[in-house]
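What follows is one structure encoded as structure tokens, with my remarks underneath.
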Amino acid sequence: MDSTPYAMLLDHKPSDVSLAGHRERIAANTFMSIWRRRYVIVLVVLLALGAAVATLLLMPRTYSSEAVIQLELAHRASARPTSASGPTVVLDPSALVQNEARILRGRPLMRSVVEELGLAEQPPAPGRLATLISYLPSEMADPITQLVERLQPSPGGPEAAELRREQAIRDIVSRLSVSTDNRSYLVSISYRADDPEVAARVANVVAETYLRREVLERRESAERRTAWIDEQIQQTSGDLERVRAEIAEFRQRTNILEPGRGGAAGDAENVAQQQLRTLTSQLNAAILARMNEERRLSRVQEIVAAGGTPSASDVQGQPLIGALLERELVARRDLGQLQTRLGSQHPRVAEAAAGLGEVRSRLAAESRRAIEIARADLAAAQRTEADLTASLQRLQREMIEAKPDETALQALQAGAQETQERLAALVRNRQQALADAAIAPPSAFLVMPAEPVRAATSPRPAIVMLIGLAGGGILGIGLGLLLERRDLGVRTSSDIEEAGGPRCLGMVPSLPSREVAAIANEASYNAAAMPMFREAIRSVGASVGLFDAARGCRLVLVTSAMPGEGKSTVCAALACALGSSGRRVMLIDGVPGRPDVQPVEPAAFSNGSEVVPARQDDGTAQNAMVVIRRRASLRAGADVFGTDRFRALIEEASKQFDVIIIEGAPVMLVADSLVLGRLVDTVIQVVRWSDTKKSILNASLKRMRDHGVAVDGIVVTRVNLRRHAALRFMDQCSFYVKERRFYERLAGKGRA
């Protein structure tokens, strides 16, 4: 992207510059403001560095020593009592480390340190206010000290000792620094003091006091825990004896030895439950036996009804039937063999058949008897089943009625068991507490004691000087920018354009007072001695066309907002410049009440008047410049410029002179310039460089606009070229400084 030219950034119109150019302009203006106020910034930086040096000289040297303690959190966790199921609360190690650090910074520990070091008996160190008062002369320090003592009276007796102790505690706390390292369980104790020996001693005393308090607290804690456990053991033992007595009395009253617990094993049951289980088994066996007898009776009846013989399994209780069945089998075998061998008509066959019939008749008789026996067995099984069912129902009713008592007994036994377990846990905890009090390892170690460090930790010269330099730079730049934001007056032509005024006709350099006085005397006025001033005046006249001979008489009003802005010098110099160029000039001093000028009555102009310049044959004027000054003052109350006599004077002078320059009164003070502004052709306003405020310029321009007076241009006077060059403005005067040798050659002072 093409960058905006530097000259355009300094002299531009908002509509001609893009947004990026506007930002560059702001940055350029900021840097230029800083450069213009560089002496202020350098002065502020030097003052800040001086303050930093004074701080280094006045601040006392402080030394720091560090002691390191390592915490054994595993021992701390093991020292805590636990239940049978393990620890009930799990603590974060980092939280434990932070807690120990807070204990190290606590007031109880600091009070112990103060008592051990004897700081309460020592006189308190002077405060910062007392230190500052000590640097003052005795004439000023004594009244201030008395005033402070009157405002803060010192207590006496015990209150004074307590106050010294509190001050010592606050002093140690303010100088003590405790930092932690959660990863390694290290606690760093750092102390700052004016003496390295004192810093190391205090840090070590703080660490040792903490370790002693830790051991003492653990011992006291173990003793308190043991005493509390003994009390709990005694109370729990009494509770256990009381519960056991209640259980014994309850068993004797209810005849219940053990409540039913419904276990799978037999030893988990009471007597009633065992009886119930036995009766249930017997009843099941009786029911099974009855069913078997019913099946056997039915089978025997069916066999007998069919004319058969029951089997041996059906008549297990009748051995005769078995013998008869064997005899029948033998008789049938023999009968079959005889029939096969002898035939069916043989006597022996008939005899064998008769024996078989006898066996069968006896077997039929025994079968009928077996039915009767089976019926008797079935009846016995039924009676047994009925007896067992009744016994079981009676036992069940008894158990249901005894259920509340069993529940109460079970609750008593559970309470007794819990009390016994608690008593056992208390006994174990008491043994652990006694072991901790006797042989418990320490929970913290001093791994690195503090040693005196001879190198001061503060103040650090490099850091203090760097802070002073940075702070002075920031403060100086801010002060410079604030000064630039003030209304410092019109210092460049851009200020006129930003104010919305007319164009800048020129910027006139300042002159020494003797040369300013010489301008009023045309005979001693030497334009060659002041070439830059002369060219600036000529550029003002050329800007409004006063050197144009083709035009008629020109009426020019030169005014200003306030007195002392240089309009008289501009009028005289402009009249001299026009006169030296052959122009006939009349200069009218219209400022009322000048104490250093003798007022002259304006004369009537005519061809024979001595004040009218007469023309020679070659057309040049014998007297090229005439000066008329106002006689009337403001106290007279006369309106000089609004009269017909003044208008007649101007009309007559217009015929005799080429240029009439009228020096008007200040616009903001007198209304004469507002009257003259309607009569003249050109209105020029003069402002003094770096003196006329922009607000005053805007007010004067607004006043003339409100009265219908148009200002053709503004002339900046008394420009200090050296200061202007230092401010780095880009306008007409910047070339006066850069090309000084050129103007010196014009004046005949430089080399040809």
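Remember, predicted model here, so these are calculated numbers, not experimental data.
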Approximate separation, where rounding is to 0.5 Å, of D589 CG and K567 NZ: 9.0 Å
Contact summary for E565 and V687, nearest pair of heavy atoms: OE1-CA, 3.5 Å
Show me the donor-acceptor pairs within less than 3.5 Å that the side chains of residues 40-49 make with the rest of the protein, sequence neighbours left out.
none

Polar side chain donor-acceptor pair, T457 to S64, under 3.5 angstrom: no
Candidate pair V53 and M465, rule side chain to side chain contact (heavy atoms under 4.5 Å, CB included), full reasoning: CA-CA 7 Å; V53 173; M465 296 300 292; 4.0 Å; yes
Any side-chain heavy atom of M586 within less than 4.5 Å of one from I662? no
Can you name the residues that form a salt bridge (Lys or Arg N to Asp or Glu O under 4.0 Å) with D548, not counting sequence neighbours? none
State, with a plain yes or no, whether a side-chain heavy atom of I34 is found less than 4.5 Å away from one of L481. yes
Over all atoms of both residues, closest heavy-atom pair of F533 and A573: CE2-CB, 3.6 Å
Stepwise side chain to side chain contact (heavy atoms under 4.5 Å, CB included) test for V686 and C571: CA-CA 10 Å; V686 175; C571 291; over 6 Å; no
How far does CD1 of I684 sit from CD1 of I661, to the nearest 0.5 angstrom? 8.0 Å
Quick check: does any side chain N or O of R583 sit under 3.5 Å from a backbone N or O of A577, one acting as donor and the other as acceptor? no
With F646, which residues qualify under ring-ring contact (aromatic ring centres under 6.0 Å, His included), at least two apart? F641
Using side chain to side chain contact (heavy atoms under 4.5 Å, CB included) as the criterion, list what pairs up with P461, not counting sequence neighbours. L56
Beyond-backbone contact of R503 with S543, side-chain heavy atoms, under 4.5 angstrom: yes
Specify the closest pair of heavy atoms between P502 and I496, including all atoms of both residues, with the distance to one decimal. O-CG2, 3.2 Å
OG-CD distance between S560 and E663, expressed to the nearest 0.5 angstrom: 8.0 Å
Between W689 and the options V490, N720, T492, the side-chain contact (heavy atoms from CB on, under 4.5 Å) test singles out N720
Which residues share a side-chain hydrogen bond (donor to acceptor under 3.5 Å, both in side chains) with T62, sequence neighbours left out: S458
For R722, salt bridge (Lys or Arg N to Asp or Glu O under 4.0 Å) partners two or more places apart: none
Please name the pair of heavy atoms, one in L546 and one in R554, separated by the smallest distance, quoted to 0.1 Å. CD2-CB, 4.2 Å
Can you list the residues that meet the side chain to side chain contact (heavy atoms under 4.5 Å, CB included) rule with A648, with sequence neighbours excluded? none
Distance check, rounded to the nearest 0.5 Å: L574 atom CG versus T569 atom OG1? 12.0 Å
Could you list the residues that satisfy side-chain hydrogen bond (donor to acceptor under 3.5 Å, both in side chains) with R175, not counting sequence neighbours? D171
Set of side chain to side chain contact (heavy atoms under 4.5 Å, CB included) partners for A665, sequence neighbours left out: P592, V670, D672
Do R538 and E535 come close enough that some side-chain heavy atom pair is under 4.5 Å? yes
Test item: R534 side-chain N/O and P531 main-chain N/O as donor-acceptor pair under 3.5 Å: no
Checking side chain to side chain contact (heavy atoms under 4.5 Å, CB included) for the pair F657/V585: CA distance, chi angles, key distance, verdict? CA-CA 6 Å; F657 295 92; V585 182; 5.6 Å; no
Could you go through the side chain to side chain contact (heavy atoms under 4.5 Å, CB included) check for V683 and V709 one step at a time? CA-CA 8 Å; V683 178; V709 179; 4.1 Å; yes
More than 12 foreign heavy atoms under 6.0 Å from CZ of R23: is that the case here? no
In short, D658 meets G582 closest at the heavy-atom pair OD2-O, 4.4 Å
According to side chain to side chain contact (heavy atoms under 4.5 Å, CB included), who are the partners of T55, at least two apart in sequence or on a separate chain? M59
Heavy atoms only: give me the nearest A653-I660 pair and the separation to one decimal. CB-CD1, 3.7 Å
Quick one: list whatever passes salt bridge (Lys or Arg N to Asp or Glu O under 4.0 Å) with R37, sequence neighbours left out. E484
Quick one: pull up CG in L555 and CD1 in I588 and give me the separation to the nearest 0.5 Å. 7.5 Å
Is the count of non-hydrogen atoms from other residues, nucleotides or ligands lying under 6.0 Å from R460 atom CZ greater than 12? no
For residues 706-719, the side chain to side chain donor-acceptor pair (under 3.5 Å) pairs (sequence neighbours left out) are K702-D706
Give, for atom CZ of R678 and atom CG of L676, the distance between the pair rounded to the nearest 0.5 Å. 11.5 Å
Do V667 and Q685 have side chains that get closer than 4.5 Å, going by heavy atoms? no
